[in-house]
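So the structure is just underneath, and the comments pick up after that.
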Number of protein chains: 2
Amino acid sequence: MKPAKRKKLEKAGWKIGTADDFLGLTAEESAYIAMKLALSESLRNKRLKKGLSQVALAKLIESSQSRIAKMEAADASVSIDLLVKSLLALGTSPKELATAIATTG
Amino acid sequence: MKPAKRKKLEKAGWKIGTADDFLGLTAEESAYIAMKLALSESLRNKRLKKGLSQVALAKLIESSQSRIAKMEAADASVSIDLLVKSLLALGTSPKELATAIATTG
DNA sequence: GCATGATATGTCACATATGACATAATTTCA
DNA sequence: TGAAATTATGTCATATGTGACATATCATGC
C-alpha cells in the first residue's frame, strides 16, 4: 500500500495504524473504502473541472461547504448515497460512475 | 417506460402515479433510482445463485429478512451503502458492481 | 383443504448521516 | 507581509437508515 493512500485513509478517520491493522480489514471492507475513495476523487475532479468552489457546489446541491470537504476527503461520516447523488447532480453519467468504480480494487 | 418497471417503482414507494409525475423526476433522480434498481436486482441474482434464502442471507450479513426483502424491492428506505456492502459480502467484485451500474440509464 | 417454508409489508426504538455553524488551516495574490 | 478566498476540522440538533419484530401474502407439496 502506498504511503499517500494510507495517509489519506488515516485522515479520513479509518483508524489505520499499521500494516497489520490494515490487513485486518476484510476484503469487503477494503473494497468498500476503495469505492468511496474513487467516488470522492471523481467528485473533486468534476468540481474543479467546472471551476466551482466548495461553497458554490454546496449551494448547487443544497449542502454545506464542510460536507463537501468531507465528501472529498472520503470522511467516514459520508455515505456513498451522498457521493453518488452529488456526482449525478454534477452531470456525471452512470457510465462514468461505473468507470470510476471499476478502476477500484 | 415499461409497465413492469413502473409497477416495481411504485411498489418500492417512489410515489409515481402517472407518466407526468414520472417526467417530473429530474435526470439525477431517475438515474439514482435506476442505480438502486440495478443493485437490488444484482443482489437477488447473487443470492439465488448461491441458493440462499433471505433468512440465510440476513444471518450472513447480520441483517434481517425484512431488510433483505426491502433491499431486493429497492425500497425507498434502503441506502446504496447497504446494497453495496451486501453485494460485496456476497463476493461481488468491484468490476461486477461497475457493470451493473453501467447498464443503468 | 392445510401445513410449511419463503418472501413481503408495516411499524418502531435506536443508530448513523446530514446540514449548519464556528473556527482553524491553507492557498492565492498583490 | 498580510488580507481575502478557499478548504479542512470539530461539534451538534435533526433527519434518515437500520435491525428487529409482528404479521400478511405467496408458493409448494401433501
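Lettering follows sequence order; numbering is per chain, from 1. Note that these values count all heavy atoms, side chains included, but never hydrogens, waters or copies made by symmetry.
- Residues satisfying the side chain to side chain donor-acceptor pair (under 3.5 Å) criterion with B:K85, sequence neighbours excluded, are absent altogether.
- Look at CD on B:E72: it is 9 Å from C1' on C:dT7, rounded to the nearest Å.
- Remark: B:E62, B:S63, B:S64 in residues 53-65 of chain B come within less than 4.0 Å of DNA chain D through at least one heavy atom.
- Using a 4.5 Å cut-off on side-chain heavy atoms (C-beta onward), A:L52 and A:L90 make contact.
- The interatomic distance linking B:L82 (CG) with C:dA17 (C1') rounds to 14 Å, in whole Å.
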(request) Go through the steps to decide whether A:M71 and A:K36 satisfy the test side chain to side chain contact (heavy atoms under 4.5 Å, CB included), and finish with yes or no. (result) CA-CA 9 Å; A:M71 279 196 250; A:K36 276 179 67 168; over 6 Å; no
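- Residues that satisfy the salt bridge (charged side-chain N to carboxylate O under 4.0 Å, His left out) test with A:R67, not counting sequence neighbours, are absent from this structure.
- The only member of A:L83, A:L88, A:L82 that meets side-chain contact (heavy atoms from CB on, under 4.5 Å) when paired with A:S86 is A:L82.
- In this structure, OG on B:S40 lies 9.5 Å from CG on B:N45, to the nearest 0.5 angstrom.
- A straight line from CE of A:M71 to P of D:dT9 spans 15 Å, rounded to a whole angstrom.
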Quick test: give all pairs of protein nitrogen or oxygen and nucleotides 11-16 of chain C nitrogen or oxygen below 3.5 Å, distance rounded to 0.1 Å.
from, atom 1, to, atom 2, distance (Å)
C:dT11, O4, B:K70, NZ, 2.9

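- Proximity of A:L97 to B:T104: side-chain heavy atoms (C-beta onward) are nowhere separated by under 4.5 Å.
- Atom-to-atom, CD1 of A:I80 to P of D:dT18 comes out at 11 Å; the value is rounded to the nearest Å.
- In this structure, B:D81 atom CG and D:dG19 atom C1' are separated by 16 Å, rounded to whole Å.
- Here the closest heavy-atom approach between residue B:A58 and residue B:Q65 is recorded as CB-N, 3.6 Å.
- Taking every heavy atom of both residues into account, B:A100 and B:A38 meet most closely at O-CB, 3.6 Å.
- With sequence neighbours excluded, the residues forming a side chain to side chain contact (heavy atoms under 4.5 Å, CB included) with B:A89 are A:E28, B:I61, listed by chain and number.
- Axis deviation across the helix from C:dG1-D:dC30 to C:dA30-D:dT1 amounts to 50°, comparing end segments of five pairs, rounded to 10 degrees.
- If you take CD1 of B:I68 and C1' of D:dG17, they are 15 Å apart, rounded to a whole angstrom.
- With a 4.5 Å cut-off on side-chain heavy atoms, B:T92 and B:V84 do not count as touching.
- Closest to the side chain of A:V78, out of D:dT7, D:dG17, C:dT18, is C:dT18.
- The interatomic distance linking A:L48 (CG) with C:dT27 (C1') rounds to 13 Å, in whole Å.
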